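Within every chain, numbering begins at 1; the chains are lettered A, B, ... in the order of the sequence lines, protein sequences first and strands thereafter. The structure presented is a predicted model; accordingly, all values stated were derived computationally and were not measured.
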Protein chains: 2
Amino acid sequence: MNISLAAERSGLPVKTIRYYEDIGLVRPGRSENGYREFAEPDLQRLKFLQRARSLGFSIEECRELLSLYEDRHRASADVKALTRTKISEVDRKIAELQSLKKVLSTLVDACHGDNRPDCPIIDDLAGTSGGEAAITQSTEK
Amino acid sequence: MNISLAAERSGLPVKTIRYYEDIGLVRPGRSENGYREFAEPDLQRLKFLQRARSLGFSIEECRELLSLYEDRHRASADVKALTRTKISEVDRKIAELQSLKKVLSTLVDACHGDNRPDCPIIDDLAGTSGGEAAITQSTEK
DNA sequence: GATAGAGTTTCCAGTTACTGGAAGGTCAAG
DNA sequence: CTTGACCTTCCAGTAACTGGAAACTCTATC
C-alpha cells in the first residue's frame, strides 16, 4: 500500500511516517516508481509506534520496545520495568501540574477581574505586594 | 550587576538570560567593556519571567503578560482570562496523563514480569491478542 | 494525446525554549 | 605576567515533528 493509505490505517500523518523512516523506525520497500510500498508488517510497526507514542513513550523508548518486541528471547520483565518507569514519570508530571493548578487557581480567585488596573496575578508574578512599577523596561537606547 | 549575579538572583541560567535578551524579553544596558549591566528593573523582569515560566506560561504568553504589566491601563480581566485559559490547559493535561496512567497500570498489572518471553504490554502495543510475530521488520534489502 | 488534480518524492527550513561548546576578550589575584 | 574566572558572540544541536518548494508520477477526463 502507498503511504497515504498506511497513514490512514496507522493513524499517523504522512509526514511522520517519512520521518520515522528517516530515523530508522520503519523500512518500507520501494515500488518501481520510487513510491514507498508498505507491507502488512510495516503497517503493524506503524500502529505499534502510534500506540506507544500516544502512551507517552519517547522515540528512543519506542525503539527499545520494538527491539524488545523483536527479540524472541527477551523477558517480559524488561518491558514491565520500562513501563513502570514510565508510570512514575507520569505520576510526577501529574503532581507537578496539580500544584501548578493550585497556584493558578489561587491567583484567579484573588483577582477581581474587572476594569481596574491592579491585579493580584501580575503582582504575584512581579513578586511585589502592591502594584509598583518595578519592572517596566526603559525605552531609552 | 553582571549576568552571573543576575542569574543567581533571578534563578535563571546565564544562557537563558542571554536568550531572553535575544528574543527581546529583556534589554539590559552595556558597560564600557561590553558586559551586560543589569539594573534593578531588569532583574525584576527576569524574576517575573522565571516565575511565569515555572507556572507554565509560554514565552509568548510571558511577553503578553509583560506587556499587560507595562500597560498602566490594562484591565485585570485580561490577565484573569489568560490565567483561566492556562488553568483549563493544565486541567486537560492532567486528565490526559491520568488516563495514560490508567492504561499503563492495567498493562503492568497484566504482565507477569518474569523470564517468559510473552508479555501483555508488547501484545497490546502490537495490537495483537496473542504474541504472533506480526511486526518484525524484514532484514532483506 | 493534452491536461488537470491528486499523490508522491527529496530537501531545506522552522518550530519551542533552551543548552553546549568553541574562540576569543576582560578582569582580579598572586 | 600568568592563571583562572567571567564575559562576549556565534554556531550547532536537542525532540519530534511540521510546512513548504520543486519536481516527478498516476489517474481521470476531454
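Here the C1' atom of nucleotide C:dT10 and the CG atom of A:Asp22 are 10 Å apart, to the nearest Å. Rounded to an integer number of Å, the gap from A:Glu21 CD to C:dT9 P is 8 Å. Look at CG on B:Leu5: it is 15 Å from P on C:dA28, rounded to the nearest Å. Between the P atom of C:dT26 and the CZ atom of B:Arg36 lies a distance of 15 Å, rounded to the nearest Å. Between the CG atom of A:Leu46 and the C1' atom of D:dC17 there is a distance of 15 Å, rounded to whole Å. What separates CZ of B:Phe38 from P of D:dC7 is a distance of 9 Å, to the nearest Å. Summarising the geometry, the separation between CD on A:Glu37 and C1' on C:dT9 is reported as 15 Å, rounded to the nearest angstrom. Per the geometry, CD1 belonging to B:Ile23 stands 17 Å off P belonging to D:dC10, to the nearest Å.
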List, with names and distances, any nitrogen or oxygen atoms from the protein found under 3.5 Å away from nitrogen or oxygen atoms belonging to nucleotides 20-23 of chain D.
| unit_1 | atom_1 | unit_2 | atom_2 | d |
| --- | --- | --- | --- | --- |
| D:dG20 | O6 | A:Lys15 | NZ | 2.3 |

Tabulate protein N/O versus nucleotide N/O from nucleotides 3-6 of chain D, keeping only pairs under 3.5 Å, one per line.
| unit_1 | atom_1 | unit_2 | atom_2 | d |
| --- | --- | --- | --- | --- |
| D:dC6 | O2 | B:Tyr35 | OH | 3.4 |

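Nearest nucleotide to the side chain of A:Tyr19, out of C:dT19, D:dA16, C:dC18: D:dA16. Between C:dC18, D:dT18, D:dC17, one nucleotide has an atom nearer to the side chain of A:Pro13 than all others, and that is D:dT18. The nucleotide whose nearest atom lies closest to any side-chain atom of A:Arg53 is, among D:dC17, D:dT18, C:dC18, D:dC17.
Between B:Leu49 and B:Leu66 there is a side-chain heavy-atom pair separated by less than 4.5 Å. With contacts defined as side-chain heavy-atom distances shorter than 4.5 Å, the pair B:Tyr20/B:Gln50 does not qualify.
Proximity of B:Asn33 to the phosphate of C:dC27: a side-chain N or O atom is located under 4.0 Å from OP1 or OP2. Taking 4.0 angstrom as the limit, B:Ser58 places none of its side-chain polar atoms (N or O) nearer than this to OP1 or OP2 of C:dT16.
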Run the side-chain contact (heavy atoms from CB on, under 4.5 Å) test on B:Ile59 and B:Arg53 for me, step by step, so that the C-alpha distance in whole Å, both residues' side-chain angles and the decisive distance to 0.1 Å come before the verdict. CA-CA 7 Å; B:Ile59 291 289; B:Arg53 287 288 296 127; 3.9 Å; yes
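Taking the salt bridge (charged side-chain N to carboxylate O under 4.0 Å, His left out) definition, one finds that B:Glu60 meets it with B:Arg63, sequence neighbours left out. Applying the side chain to side chain contact (heavy atoms under 4.5 Å, CB included) criterion to B:Lys86, with sequence neighbours excluded, gives A:Leu104, B:Phe57, B:Glu61, B:Glu89. Not counting sequence neighbours, the partners of B:Ser31 by the side chain to side chain contact (heavy atoms under 4.5 Å, CB included) test are B:Asn33, B:Tyr35, B:Glu37. Taking the side chain to side chain contact (heavy atoms under 4.5 Å, CB included) definition, one finds that A:Ala39 meets it with A:Pro41, A:Asp42, sequence neighbours left out. Applying the side chain to side chain contact (heavy atoms under 4.5 Å, CB included) rule to A:Ala6 yields the partners A:Met1, A:Ile17, A:Phe38, A:Leu46; only residues at least two apart in sequence or on another chain are considered.
At a non-hydrogen distance threshold of 4.0 Å, nothing from residues 88-95 of chain A comes into contact with DNA chain D.
Closest non-hydrogen pair, B:Ala7 versus B:Val14, comes out as CB-CG2, 3.7 Å. The two residues A:Leu65 and A:Ala52 come nearest to each other via the heavy atoms CD1-CB, 4.4 Å.
The salt bridge (charged side-chain N to carboxylate O under 4.0 Å, His left out) analysis of residues 101-111 of chain B, with sequence neighbours excluded, yields the pairs A:Asp91-B:Lys101. Sorted by first and then second residue, the salt bridge (charged side-chain N to carboxylate O under 4.0 Å, His left out) pairs with a member in residues 1-21 of chain A read A:Glu21-A:Arg30, A:Glu21-A:Arg36; sequence neighbours excluded.
Between A:Tyr20 and A:Glu32, the residue anchored closer to the 5' end of DNA chain D is A:Tyr20, taking for each the nucleotide with the nearest heavy atom.
B:Arg18 comes within 4.0 angstrom of a base, heavy atoms only.
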